[in-house]
Structures are given as structure tokens and as C-alpha cells.
2 protein chains.
Amino acid sequence: MVGIEEVAAAAGVSTATVSRAIRGLPRVSPATRARILAKAEELGYVPSSAASRLATGKTRTVGVLAPYVDRWFFGKAIAGVDRELHGRGYNLSLFNLGGRSAPRERLFSRSMVHKQIDALLLLCMYLYPEEVEDLHEIDMPLVVVGGPVAGIATVGIDDYQAARTITEHLIGLGHRHIALLHGSDDLELNFSVPKIRVEGFHDAVHAADLEIDPDAVFFGNFTVASGAEALRRFLTLPEPRPTAMVCASDEMALGVLFEARRHGLRVPEDLSIVGIDGHEMGACAGLTTVWQDPTGQARRGTQMLLAELGGEVGAVHSEVAEQRLVVRETTAPPAAF
Amino acid sequence: MVGIEEVAAAAGVSTATVSRAIRGLPRVSPATRARILAKAEELGYVPSSAASRLATGKTRTVGVLAPYVDRWFFGKAIAGVDRELHGRGYNLSLFNLGGRSAPRERLFSRSMVHKQIDALLLLCMYLYPEEVEDLHEIDMPLVVVGGPVAGIATVGIDDYQAARTITEHLIGLGHRHIALLHGSDDLELNFSVPKIRVEGFHDAVHAADLEIDPDAVFFGNFTVASGAEALRRFLTLPEPRPTAMVCASDEMALGVLFEARRHGLRVPEDLSIVGIDGHEMGACAGLTTVWQDPTGQARRGTQMLLAELGGEVGAVHSEVAEQRLVVRETTAPPAAF
DNA sequence: TTGAAAGCGCTAACAC
DNA sequence: GTGTTAGCGCTTTCAA
């Protein structure tokens, strides 16, 4: 393993000069720099990241905390973080909290995160109050993508507006009796996102002078399977049933859609279905939804983190991300309309 | 930032003893150990990973190289790696190669991976010949999950058998004219997986004394959208069209399924559709498939890596993962049968 | 069982 | 523009 000393010796300079040359710092003459770079290349020199971490105190690594990595939003977001990071020579250290839900097992302000990363990006997740406290005590750039956490800068869509938009779309079509499938208070996920979306739904319904049928409010956990399950419960409702269902995510909406078809319900004639997200699968299945771009949101968050690390104080700040109603084939006026 | 010296001072011992105590090494009396641990806890001491990396030469980090992170197989696999790693105090450093396909930009044996990780897990991807060479030169435990790479230990299903099984299922049902949708030679993906799956298909067809209709062989890139696109091309075939289609992945099969329904084709009456993977979405949509478990495969691969790092020479080895035909609702005998 | 001290390989003042 | 040198915070012989 060739070290900086060997390069220095080969190039006939000191290690300090090699260090400057390799890192592109000023105060090295073009000629020496070229000679050093050539020798380094020739010897196959790669700086020891451990040594430079120790010497500089910087890890050039950002941590990503995610409740899941195998779900749409998270996979997309992680891809976004990676894109920004590796392009600029930063490393991505992934922490998947899935499964380990007891707060004592997730202590991230301690050993996990501490001293291993320069900045932290949180992906929309439920946090225990004590964890939020821990977070505030972490002395490094911090941003959350996908769902608000009190007191921390957030990049994400306006969830209230998303739910409201999609509900109003249905009302505009003439639906008066609308079912809701929202995310449960899954301990793995940020508590506020489901709650906020429900508020948007409520307000839209009430603003149209309609009522919410408590029996037509279902809970899911953001998976397709939970959507299918919800549709089965929907079928047990006495007629006349709601003519539309708003789902808090596309994955759940797709579950509802599949199961509806399986049971012979016609979509949208018998039941209009809407989701939130913009999942590719939804596009192919013709699902009406509110589109959002998790990759872009994560890139934005990462850029802020990097800017802050670059000395730009105040670079990290909350930002509302783009969303767009995409009307496709799962919504139509109710049959009786 | 409290360091080992402060703990040593507080406990009235040397830093060497603190180091041993903290890491659970022998040669520390129970009493001193307890005292040290207590002080460390009290002072909120967290060892500097940078310093210990430098001193030991070990990073306690394993690298994961993936061509994508936002696709089913990869998300599942990454979750599996994470699970094994963090449980044992290892870190996961993620490298997403998506997008950067030019070989010169992905040199992973150099700076990227070098000296930053103790072991490397590759997720099924296409590799340039020179990259395979680089890989062989890397002097650390190495395993690939999901698709064979010449000369490197692999954990994954028997792709040939998967394709053959699914095709024989169709033939057993009475189908004589079967279309194929396979993965293209996408430069991001391991070249061999699509190829091997095609062979399984071919052999099954020929073994039944049937012919392959070259016009009924489509290419996709493993996305839903490419499945939908393939179905559209399928519809341009002159009648009588194939009565079944085998797809190299569930995501593509779902695309075919959605698009078939949109065009009024009845599945499975007019067209039987099968996939490979065991995607949750497929389960809900009733898709017949060959199930596999990427999470489990990745866990297995990670365990091997960790065992090897633990000194168990030969722990890393190729292993064939479990697969299972799951017959659901998208397959049936052809209508005319 | 414990301690002293020499590194691990690089960076950052500061001097030249 | 370049070199000297003292760390960065931990681990690891080797002695005691």
C-alpha cells in the first residue's frame, strides 16, 4: 500500500507538497503539481481516507437515515442523495431503521451517526420525542426530506394541499360519498404526514358541505397489500357505498385497484380511485394521482447539506417541493351522476 | 468532544486499558472494566472511528455497489445487507452506479472503494471486462448477489431454471405459441442474467418440440413502462397471436398486464402472462411468477463477507438461492384449448 | 492486569 | 512555492 511518503520521495518533494498537489490546493507550482500527479498515478497512490479523516476531522461522508429502503419513496430519494454525493467525492452511509423500532435500539445521535459523518439527511420517518431531542443536539448540518419534523429544515411537498387537491378533484367530478384510505400511525413513519393528509381530505370534504362517513375511513400501512385489504373491508359496507376512494399513497391505491377488479368492481364506473405519489406503476395502471419527485427533493436536501458544509451558513432551509395533479383513468363522475 | 484520554484520567487508568475495556478485550479485571465503562458512559464517550480506522487498518464498513437503488430487486437486497451489517456494528457504504455508465467514471477498485471499506458486495450488474479485472485485483472479501460474474462467488437463484420452470408451466397448460419479453442488454445490468433466462426459455420450448417465433420476441429494460410498450408491439402481430407471454421480470410482466387490460385483452383468457421475481405488486395483481428472495440472498452474501472478515477463510462461496413457482391468476389454458 | 510509548498516514501551521 | 514538524485519537507491542 503506497503512501504519501513514497510519492513525495519519488517526486523529490515533501509530503506537504504532495498533499497540496493531490487535493488541488494553491501554492504549488504547475510544474511540481504535474510531476507529483504523474508519480502518484504511476505508483497507484490512493490517499488513506482514515488518515485524512483523523487529520482534518472531516469524513466526507453524509449519513442517510431511512425507515425503509425497499419502498418507492425511499428508493427514489436514496438514488437522489447518491447522485449528488458521489459526484462531489462524498460518500453515502446508509442507515436503515426498518425493523428496529424500539427507540433504545435506534439511538442515532450516539455511536451510529456520531463522528462517522459530516451531515445527516433524514428520510420521512416517525421519530420518538426523545429522538427529536437527540437530533437537535447533533451539531452538524441536518435536513429531513419528505415530512416535517418540528424544528428541523424540511424539503417536501405540501401534504395538506396534495390531499386537498386530490379530494377536490373527486368532488369536482360529482362524488358526494368519498371513502378514505390513509396511512396508519405506523411507528416507522413520520407521524405528521398521514395526519396532515387526512386534514386536507377533511377540509376539502367539509368545504363542499359534504359529510365524512366514519365507516368509510380505512387504515393502511402504505403497502399494496394493505390497499387490497382495505378494498375487502370496503366491500362489507352496506349499499349505497362510496363512489370514490382517496388513498394516501399510490401503492395503496394500486392495491385497492387490483382488488377491486378482482372482485368485479369496475373502475372508475363503480369506484373512482386516486392516490398520491406518481409511482411508475400507477402511470402504467392509469391511476389518477398527485405526482411528486422524491429524487429531486432528496437532491435538493443534499445540495443544501453540501453547501452548508462548504461554509455557506444558512444554506439548509425548508423548501416546498413541486407537486402536480395527474388525471388518468381511475377517476370519472359517479355512475349515477 | 471527549476522547479516550479523558476517560482514562477519570477512571485513573491508562488509555491502553480503556481501549481494551471498551472493546471487550481480555486482560482487564472485571472491576476496572466496570469502572471504565461507567466513566465512559458518564462522559458520553464515543470512540473516534477515524482514529481507530487509522490505527487498526479496518474500517468496519462494507461497500455495496448497485446499478440502481430504486428498483425492486435492489431495494430488497440493500435492506438485507443493512440488516446484517448494522446488527453487528458495521457500516454500509452505498455506491449507486446508475447513470454513470462510462467505465472510466466507475473505476471502483481505485479511490471509490479502495481503503474505505473492508469488503465489497456487488449487486447484479453488467460489468465491463476491465472492471471484472479490477475486481479480481481487489484484495478484500468480495461477493456478488443476483447474477453470476466470472470468477467471483455468487449468491442468487438459478436463472436458467427459473425461466425454464415458468415456460414449462405455460406449456403444461397447453400453450404452443409463446411470446418472450426479455431484458435487453442494458449496459447497467449484468449481461449474463437476461441471457441465461433466455436460454431457459429456449430450451423449454424446444424440449416440447415447439418453435420460437422470432417476431414474438420482445426486448424490455426491466421496467413497467417497457412491459407496457412490449404489449403494444405484441398487438401489432398478425393473428393468430401467441397465447402466452413469459417476461423476464415481474415489473415488466405487470406492465404487460396493465396494458393488456387497457386494450381490452382478457388475462388469462386471451393472454397468459408470467413473470419472475415475486414482486409484492404481482402478488396483489394475481401474477403467476417464480418467486425469489433478494433480501435473503443479500443477507447470505453479507454473512459470508462478515465471516471471512472474522477470519473464517473460505467463508465466501457461491450458493444457489431458493426459488418457487407461484401459480396465480394470470395463467390458464389457452382459450382454444 | 496494567502502563509507556511508538506508531497508523495524512494535514496544517509556520518557517523559509 | 516548498519544507518542517507537531499533532489528529486510537491501538498495540513490549515491559513491568
Side-chain angles (χ1 to χ4, degrees), chain A residues 1-40 43-61 89 91 110-111 114-118 309 311, chain B residues 1-40 43-61 89 91 110-111 114-118 309 311:
Chain A
M1 211 99 300
V2 26
I4 200 172
E5 302 228 29
E6 281 136 284
V7 179
V13 294
S14 72
T15 61
T17 305
V18 173
S19 180
R20 293 188 202 104
I22 298 279
R23 291 180 299 155
L25 296 185
R27 304 178 158 235
V28 179
S29 78
T32 357
R33 187 186 303 275
R35 186 154 37 92
I36 292 172
L37 260 24
K39 281 296 176 196
L43 298 174
Y45 169 67
V46 179
S48 151
S49 66
S52 81
R53 284 179 185 212
L54 182 55
T56 60
K58 269 85 183 63
T59 62
R60 288 196 76 80
T61 295
N91 278 118
R110 289 262 193 245
S111 46
H114 216 44
K115 295 186 179 174
Q116 309 243 62
I117 58 180
D118 294 337
L309 288 176
Chain B
M1 209 100 298
V2 27
I4 199 172
E5 300 227 31
E6 281 136 283
V7 179
V13 294
S14 72
T15 61
T17 305
V18 174
S19 178
R20 294 188 199 103
I22 298 279
R23 290 180 300 154
L25 296 184
R27 305 179 157 234
V28 180
S29 77
T32 13
R33 186 186 303 276
R35 186 154 36 89
I36 292 171
L37 259 25
K39 282 296 176 196
L43 298 175
Y45 170 66
V46 179
S48 149
S49 66
S52 80
R53 284 179 184 212
L54 182 56
T56 61
K58 270 86 180 62
T59 63
R60 288 196 77 78
T61 295
N91 278 116
R110 288 260 193 248
S111 47
H114 215 44
K115 294 186 178 172
Q116 309 244 60
I117 58 179
D118 294 338
L309 287 177

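Convention: sequence-line order gives letters A, B, ...; per-chain numbering from 1.
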Open item on the list: Which heavy atom of G44(A) sits nearest to which heavy atom of V2(A), and what is that distance?
Closed with: O-CG1, 3.9 Å

TODO: Answer yes or no: does a side-chain N or O of S52(B) lie under 4.0 Å from OP1 or OP2 of dC10(D)?
DONE: no

- [ ] State whether R27(B) places a side-chain N or O below 4.0 Å from either non-bridging phosphate oxygen (OP1 or OP2) of dT12(D).
- [x] no

Open item on the list: Assuming nearest nucleotide by heavy-atom distance, tell me which of R20(A) and S48(A) is located more 5' along DNA chain C.
Closed with: S48(A)

- [ ] Look only at the side chain of R33(A) and the backbone of L25(A), and say whether a donor-acceptor pair between them is shorter than 3.5 Å.
- [x] yes

- [ ] May I ask you to verify if any side-chain N or O of T15(A) is less than 4.0 angstrom from the OP1 or OP2 atom of dT11(C)?
- [x] no

Task: Considering all heavy atoms, the nearest V7(A)-K39(A) contact - done: CG1-CB, 4.5 Å

Open item on the list: Looking at S19(B), I'd like to know whether one of its side-chain N or O atoms comes within less than 4.0 Å of OP1 or OP2 on dT11(D).
Closed with: yes

Task: OP1 or OP2 of dG3(D) under 4.0 Å from side-chain N/O of T17(A) - done: yes

TODO: Report the distance from atom OH of Y45(B) to atom C1' of dT11(D), rounded to the nearest whole Å.
DONE: 10 Å

Open item on the list: Tell me whether the side-chain N or O atoms of R53(B) pair up with the base of dG9(D) as donor and acceptor below 3.5 Å, since no angle test is needed here.
Closed with: no

TODO: Would you classify P47(A) as touching base, sugar-phosphate or nothing, given that sugar-phosphate means primed atoms plus P, OP1 and OP2, and contacts are heavy atoms under 4.0 Å?
DONE: sugar-phosphate

Open item on the list: Is any side-chain heavy atom of T61(A) closer than 4.5 Å to one of D118(A)?
Closed with: no

- [ ] Using a heavy-atom cut-off of under 4.0 Å over every strand shown, decide if V13(B) touches base, sugar-phosphate, or nothing.
- [x] sugar-phosphate

Task: Atom pair distance, as rounded to whole Å: CD in E5(B) and P in dG7(D) - done: 12 Å

Task: Closest nucleotide among dG1(D), dT12(D), dT2(C) to the S29(A) side chain - done: dG1(D)

Task: Donor-acceptor pair, side chain of T32(A) and main chain of V28(A), under 3.5 angstrom - done: no

Open item on the list: Rounded to whole Å, how long is the line connecting atom NZ of K58(A) with atom C1' of dC8(D)?
Closed with: 13 Å

- [ ] Could you tell me the separation between the CD atom of E6(B) and the C1' atom of dG9(D), rounded to a whole number of Å?
- [x] 11 Å

Task: Atom-pair distance (CD1 on I36(A); P on dG1(D)), nearest Å - done: 13 Å

Task: Among dT11(C), dG1(D), dT2(C), the one nearest I4(A) by side-chain distance - done: dT11(C)

TODO: Could you work out which one of dT11(C), dG9(D), dT2(C) sits closest to the side chain of T32(B)?
DONE: dT2(C)

Open item on the list: So if I take every side-chain heavy atom of L54(B) and compare against dG9(D), dA4(C), dT1(C), which nucleotide ends up nearest?
Closed with: dG9(D)

Open item on the list: Assuming nearest nucleotide by heavy-atom distance, tell me which of A50(A) and L25(A) is located more 5' along DNA chain C.
Closed with: A50(A)

